[in-house]
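Data block below; observations after.
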Amino acid sequence: VIENMVTVKERVDWFCSSLLEKNVVVQIHEVSAFDLSFVQLLVVFCNHLEKLGVDFSFDWKVDNELQLLLKQTGFEKYA
């Protein structure tokens, strides 16, 4: 598991570095539910992009209940 984590981190770092000087739109559509690990992944991804100085935004197409949940978990600046 640890070896896989290192590989995943390297790939995410490479991917995020390729986004420099680009405007990234993260599209989240057709979602019926998500769990804590999904939200944690988004938080880490957003923090990493912010640290690199990558401009990004979200295009959410989720129902009102999920939109409220996003706001309650700290994503109000992205939702």
Side-chain angles (χ1 to χ4, degrees):
V1 173
I2 300 290
E3 292 172 6
N4 291 340
M5 293 293 291
V6 171
T7 301
V8 168
K9 183 181 181 321
E10 288 171 353
R11 289 181 182 173
V12 168
D13 286 344
W14 173 84
F15 174 73
C16 290
S17 295
S18 72
L19 300 175
L20 295 174
E21 300 181 19
K22 295 182 181 171
N23 185 13
V24 176
V25 177
V26 179
Q27 295 180 340
I28 301 178
H29 300 185
E30 300 180 29
V31 176
S32 58
F34 49 83
D35 60 8
L36 181 59
S37 62
F38 174 77
V39 174
Q40 289 173 326
L41 177 65
L42 284 177
V43 168
V44 170
F45 183 65
C46 292
N47 288 342
H48 195 62
L49 290 177
E50 287 176 344
K51 190 161 88 170
L52 291 172
V54 174
D55 290 327
F56 67 96
S57 61
F58 283 88
D59 179 17
W60 300 99
K61 289 196 174 115
V62 297
D63 65 31
N64 291 339
E65 184 178 334
L66 290 176
Q67 189 81 13
L68 180 61
L69 181 59
L70 286 168
K71 290 179 180 180
Q72 291 174 340
T73 57
F75 267 80
E76 60 272 348
K77 71 179 184 177
Y78 306 118

Treat each ILVMFWY residue as a node, draw an edge where side-chain heavy atoms are under 4.5 Å apart, and state whether [X] and [Y] are in one component.
{"X": "W60", "Y": "V26", "answer": "yes"}
{"X": "L41", "Y": "I28", "answer": "no"}
{"X": "F15", "Y": "V43", "answer": "yes"}
{"X": "W14", "Y": "L49", "answer": "yes"}

Find the distance between [atom1] ([X]) and [atom2] ([Y]) and round it off to the nearest 0.5 Å.
{"X": "S32", "Y": "D63", "atom1": "OG", "atom2": "CG", "value": "9.0 Å"}
{"X": "S57", "Y": "Q27", "atom1": "OG", "atom2": "CD", "value": "9.5 Å"}
{"X": "L19", "Y": "L52", "atom1": "CG", "atom2": "CG", "value": "8.5 Å"}

In terms of the angle between their ring planes, are F56 and F58 parallel, tilted or perpendicular, with boundaries placed at 30° and 60°?
perpendicular
Using a cut-off of 6.0 Å, state whether more than 12 heavy atoms not belonging to N23 lie near its atom CG.
yes
Side chain to side chain contact (heavy atoms under 4.5 Å, CB included), that's the test. Do H48 and V54 meet it? Break it down for me.
CA-CA 9 Å; H48 195 62; V54 174; over 6 Å; no
